[in-house]
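Taking it in order: structure first as structure tokens, then the write-up.
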Amino acid sequence: MKRSAGVTLLWAVPALAVLSFAGQRHGLWGGDEPREAAIAREMHASRDWVVPRLNGEPFLEKPPLAHLGAVIVFDLAGGPDARLCRLPSAAWGFAGLLATAWLGAMLLGPGAGLLAAFILATSVEWLYITRHLLVDVPLAASVVVSFALFQAGYRRRGAPKALGYLGFAFAAGAAFLSKGTVGVALPLSAVSAYLLLRREYREFALLALVSAAGLLVVAAPWVLLLAARGGREALRVFLWDNQVLRFVSPGADHAKAPWFYLPAIFEIFLPWALLLPPAFLGLRRRPGESEGDRRSRQFVLAVLAVPFAILSVASGKRHLYLLPLLPGFAIAVARWAASADAAPPARWEGRWARAALVVFAAAAAAAWCAALGVAVYARHGAVAAAAGAAAGLAASAAVLRRELRKPPDRIPAWSMVALAIIGWAAPLTPAVWEMLEREKGYAPLAAMLEANVRQGETLFMYRPGERELGVVGFHRRAVLPVLETPAELDAALQASGGNVVLVREKVYDSLVGEGTLPASASVQARCLLPHRNQLLLRGR
């Protein structure tokens, strides 16, 4: 048994590492990563590890844990590097996968725990978000680590129990240092609900006592240092404006209806969302269930339902905010799949699993066909894409044929894992990767500035968003002067010595429409970016 477990770890851990670290070397992507990368760059330059800053101004939406990881990478690399800044996210994602395997093993057994880790590793949102420098990645990893450490303590007595609960508190503290109070609320509410539902009041009191001490050790020092640096105003901005008001205010960023997350679950957990309906039904109480099965079922329900309710009540909602719940979804699916080992699945469950298997195979084939189409259209990397497509199609067909020949008395979850990995390899082909860089990256903007901003000229930014501040500040490694009014814009363009101003095309058009564009402004260059074109202005 031990030898078999050792052999499993020899292939499973490297495979999870590849799924975590492959595809991390790319430029800044999306709307949020440039901001986080710029904050990390300024932290690296200033050596101020307490107060996050964006373009020189305190940015107190979130604590600095995610940025500190990038600072360490910058130190090792000799300076800020857009292609290395998200390596800490890969490490956090890998830690989240290992914690999911550990938690699943304690709840369901080693095989089901490992299956849950691979389900999580091949789910679309986990794959995508862990390839960005974002605060949500250490948050999600810390939350699942806290659940695993709670279970490790919950199952023991004496000192090991206290150590497990203390580890739970430390992990919740890391979640706080990643994204604030929600990092504490998610694990603590789920575990508290589980203990109170089971009427284990002494266990709850012990956990509350140890957690309070652990959270004070981990989270309080940063809060005190923030107060020492910024005073009461800094605490008000962080705790009230960015924690309380962003949670309850109808006018908060990304405000959505309470039911927004109901369909979002099935979007972010693809392709495994196909198995969520039977997995959720499998969480019902069944006749004759053992006490151990009951505990594991109740715990899975708690870590899914309670955090989901909290996030649904919050005013601000985005798909990536559900990232901490994905390990629970993965464990729920693995639990349903593993249940077939104990008893044959119902006929409808077997048919459902087979239909899902066919969809997995079709999706893998479609991914490789799309990759080949992109390569042919781009006239680049067609040979590699064709070879990958041939191998992917052959492997998908072989897996599908093998499983369909078997009787429908089991859930072919591992075959679905194989098909998911085959499909997710397609975007790594050169032509698709270059397309993703064009669609999500900012290389054209950096190139435009490099070509048009002359030595000795000052680059201003007019009413920039956080995205522009992040991209330009990171690539130019500087704090940039910001203009807010047409009068300031006119003065900058007419100043002697040569100035240029970067402005969003949408803002420029609004100035033209309002008749407030200074007569001194002329368009020097235009950069086409998806949904956010940029103009470079120079004085006439």
Side-chain angles (χ1 to χ4, degrees), residues 21-42 44-45 54-55 67 70 73-74 77-90 127-134 371 374-375 377-382 384-385 426-455 457 459-462 464-480 500-508 523-538:
F21 286 90
Q24 294 284 352
R25 288 180 62 85
H26 56 78
L28 301 179
W29 279 6
D32 295 331
E33 186 177 52
R35 177 191 64 217
E36 308 301 344
I39 291 172
R41 186 207 65 79
E42 294 192 39
H44 174 263
L54 179 63
N55 203 47
H67 312 106
V73 171
F74 295 160
D81 189 333
R83 295 186 175 275
L84 298 177
C85 69
R86 66 197 56 80
L87 283 179
S89 288
L127 267 171
Y128 182 70
I129 297 301
T130 55
R131 277 148 183 80
H132 293 73
L133 173 59
L134 294 173
V374 170
Y377 179 80
R379 298 181 180 179
H380 172 63
L428 299 179
T429 54
V432 176
W433 199 250
E434 288 185 7
M435 181 190 72
L436 291 173
E437 284 277 27
R438 289 195 305 271
E439 292 295 320
K440 298 184 175 297
Y442 298 91
L445 178 57
M448 180 188 76
L449 296 176
E450 190 71 25
N452 291 279
V453 181
R454 303 163 190 161
Q455 188 173 4
E457 288 184 326
L459 174 64
F460 288 81
M461 302 186 72
Y462 183 73
E466 294 173 359
R467 181 183 316 197
E468 288 79 20
L469 287 173
V471 172
V472 180
F474 187 90
H475 283 292
R476 297 188 68 83
R477 300 191 180 188
V479 174
L480 301 165
V500 289
V501 180
L502 184 70
V503 58
R504 274 182 288 170
E505 188 172 43
K506 184 177 180 180
V507 175
Y508 177 87
V523 177
Q524 172 76 19
R526 183 170 184 251
C527 176
L528 300 178
L529 294 173
H531 312 298
R532 220 170 176 93
N533 295 338
Q534 304 289 324
L535 301 177
L536 194 64
L537 306 183
R538 190 182 296 277

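Computed over heavy atoms, backbone and side chain alike; hydrogens, waters and symmetry mates excluded. In this chain, residues are counted from 1 in sequence order.
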Between [X] and [Y] (side chain of the first, backbone of the second, donor and acceptor by atom type, cut-off under 3.5 Å), is there such a pair?
X      : Y      : result
Glu457 : Arg454 : yes
Arg131 : Ala22  : yes
Arg538 : Asn452 : yes
Gln24  : Thr130 : yes

Determine whether [X] and [Y] make a side-chain contact, defined as any pair of heavy atoms from C-beta on separated by less than 4.5 Å.
X      : Y      : answer
Leu502 : Leu445 : yes
Pro88  : Val73  : yes
Arg476 : Val453 : yes
Gln534 : Arg526 : no
Val507 : Leu535 : no
Leu480 : Leu469 : no
Pro80  : Phe474 : yes

Measuring from [X]:[atom1] to [Y]:[atom2], what's the distance to the nearest 0.5 Å?
X      : Y      : atom1 : atom2 : result
His475 : Glu450 : NE2   : CD    : 11.0 Å
Cys527 : Arg504 : SG    : CZ    : 14.0 Å
Tyr442 : Glu468 : OH    : CD    : 7.5 Å
Arg532 : Arg467 : CZ    : CZ    : 4.5 Å
Gln524 : Leu537 : CD    : CG    : 9.5 Å
Arg35  : Leu28  : CZ    : CG    : 12.5 Å

From the list Lys440, Glu36, Glu33, side chain to side chain contact (heavy atoms under 4.5 Å, CB included) with His132 holds only for Glu33

How close do [X] and [Y] get, heavy atom to heavy atom, and via which atoms?
X      : Y      : answer
Leu87  : Phe21  : O-CE2, 4.3 Å
Ala82  : Cys85  : O-SG, 3.5 Å
Ala375 : Ala382 : CB-CA, 3.7 Å
Ala40  : Ala70  : CB-CB, 3.7 Å
Ala371 : Thr429 : CB-OG1, 3.9 Å
Leu54  : Ala38  : CD1-CB, 3.9 Å

With sequence neighbours left out, the residues meeting side-chain contact (heavy atoms from CB on, under 4.5 Å) with Glu437 are His26, Trp29, Arg83, Trp433

